[in-house]
Each structure stands twice: as structure tokens, then as C-alpha cells.
Amino acid sequence: MHKVHLDSAVRPVAKICELIAKAYASKNDNKIKTVLTPIHKQRIIETCFDYMINDEKIAPKAYSMNTLFILGKEYDWVHPELVLILERDFQMQSSGFKARARHILKKLKRY
């Protein structure tokens, strides 16, 4: 995952990370819950933070925001870092980023 840097491949990797996080956090039993190890989760978190920090397009950043929000429920250090990045980059990003960031920030304040 961390070796993927082509724009055409980053978006699907970010989407897969989001789908894995959603499956892991779902209420229904599934294979992801038993197979996903803490090392996998840490690598997903690291990759998503890389996408958020680096100059990626909006789609990987949006998927990464959701992934980090979901996995941040288990790792208490993730949400504060995510808030810092979202607030820092808010003014410089596109309207799509701003919309998703507002949505995630609203969720984080309720959580």
C-alpha cells in the first residue's frame, strides 16, 4: 500500500482502505473483523495520513478522512491529528475537500 504513488492507483487504494475500515466497524460479523490485525490497521492509518499530508487529489483525501475517522475510534491519537490536518488545510483546498472536512469535523465534535 505504501509503495503506491501513481495517481491512477492511489484513489482505488484509498477506497479499499475505506471499505475495509467500514467492514471492520460494522455491526455484522464478517471476515474482515477476524483477519484484520493491529499491524494492518496501523499501516492503513499511516497510509491514509500520508494521503492527507501529501499533495493528492480530493478523492483519496476524502476516503482517507472517513477511514481515519472510523479507525480513530480505536486509536485515541488519530482523531486529534486528523482535526489538526483538516483545520490546517481547510482554506487551501477545493470545495469538495471543504465539504467532506466539515462533515468529518462535525462528526468528531459529536464523538
Side-chain angles (χ1 to χ4, degrees):
M1 234 178 3
H2 63 281
K3 294 181 181 181
V4 177
H5 296 291
L6 295 174
D7 283 343
S8 61
V10 168
R11 185 177 186 275
V13 169
K15 178 66 173 177
I16 290 168
C17 289
E18 181 186 38
L19 293 173
I20 289 171
K22 284 182 178 180
Y24 180 76
S26 76
K27 295 177 182 177
N28 302 329
D29 287 337
N30 58 52
K31 188 93 170 164
I32 296 289
K33 288 185 177 189
T34 58
V35 176
L36 199 66
T37 66
I39 293 170
H40 292 134
K41 290 183 269 188
Q42 289 173 358
R43 288 187 181 157
I44 289 171
I45 289 170
E46 288 171 13
T47 302
C48 288
F49 272 122
D50 285 344
Y51 292 161
M52 293 296 298
I53 293 168
N54 294 336
D55 189 30
E56 298 290 344
K57 294 185 177 180
I58 178 63
K61 288 186 178 200
Y63 295 141
S64 295
M65 284 182 219
N66 284 342
T67 303
L68 291 170
F69 173 74
I70 292 167
L71 293 179
K73 294 175 183 176
E74 190 171 321
Y75 295 91
D76 57 351
W77 63 272
V78 173
H79 284 168
E81 293 294 323
L82 180 59
V83 168
L84 285 174
I85 291 170
L86 293 177
E87 289 175 346
R88 182 194 71 201
D89 293 346
F90 191 81
Q91 295 302 321
M92 299 177 289
Q93 295 291 337
S94 69
S95 59
F97 179 94
K98 290 178 182 178
R100 183 63 63 100
R102 272 193 298 272
H103 180 72
I104 295 294
L105 287 169
K106 190 185 299 183
K107 280 182 167 182
L108 285 169
K109 287 180 181 163
R110 280 189 271 145
Y111 185 76

Any Tyr51 side-chain heavy atom under 4.5 Å of Val10 side chain: yes
Side-chain donor or acceptor of Lys33 paired with backbone N/O of Ser26 under 3.5 Å: yes
Atom pair CG (Leu82) and CD1 (Ile104), whose distance is rounded to the nearest 0.5 Å: 7.0 Å
Gap between atom NZ of Lys98 and atom CD of Gln93 - 0.5 Å precision: 9.0 Å
CG (Leu84) with more than 12 external heavy atoms under 6.0 Å: yes
Non-hydrogen side-chain atoms of Ile45 and Trp77 separated by less than 4.5 Å: yes
Atom pair OG1/CG of Thr67 and Leu19 - distance to nearest 0.5 Å: 8.0 Å
From Ile53 atom CD1 to Asp55 atom CG, the distance as rounded to the nearest 0.5 Å: 12.5 Å
Test item: Val83 and Glu87 side chains (from C-beta on) under 4.5 Å apart, heavy atoms: yes
Any side-chain heavy-atom pair of Ile16 and Tyr63 under 4.5 Å: no
Verdict with supporting geometry, Glu46 and Arg43, salt bridge (charged side-chain N to carboxylate O under 4.0 Å, His left out): CA-CA 5 Å; Glu46 288 171 13; Arg43 288 187 181 157; over 6 Å; no
Rounded distance (nearest 0.5 Å) linking atom CD1 of Ile85 with atom CE of Met65: 10.0 Å
Expected output: side-chain Asn66 to main-chain Glu18 donor-acceptor under 3.5 Å: no
Heavy-atom side-chain proximity of Lys109 to Lys106 below 4.5 angstrom: no
Which atom of Val78 lies closest to which atom of Gly72, heavy atoms considered: CB-CA, 3.7 Å
Test item: His79 side-chain N/O and Leu108 main-chain N/O as donor-acceptor pair under 3.5 Å: no
Within-4.5 Å side-chain heavy-atom neighbours: Met52 and Leu68: yes
Hydrophobic cluster membership, Leu86 vs Phe90, 4.5 Å side-chain cutoff: no
Nearest heavy atoms of Arg88 and Met92, plus distance in Å: O-CE, 3.6 Å
Whether over 12 other heavy atoms sit under 6.0 Å from Lys57 NZ: no
Under 3.5 Å donor-acceptor, Asn30 side chain and Ile32 backbone: yes
Polar contact flag, side-chain donor to acceptor under 3.5 angstrom, Tyr75-Gln42: no
Non-hydrogen side-chain atoms of Glu56 and Asp7 separated by less than 4.5 Å: yes
Ser64 side chain reached by Cys17 side chain, heavy atoms, under 4.5 Å: no
Rounded distance (nearest 0.5 Å) linking atom CG of Leu71 with atom NZ of Lys73: 10.0 Å
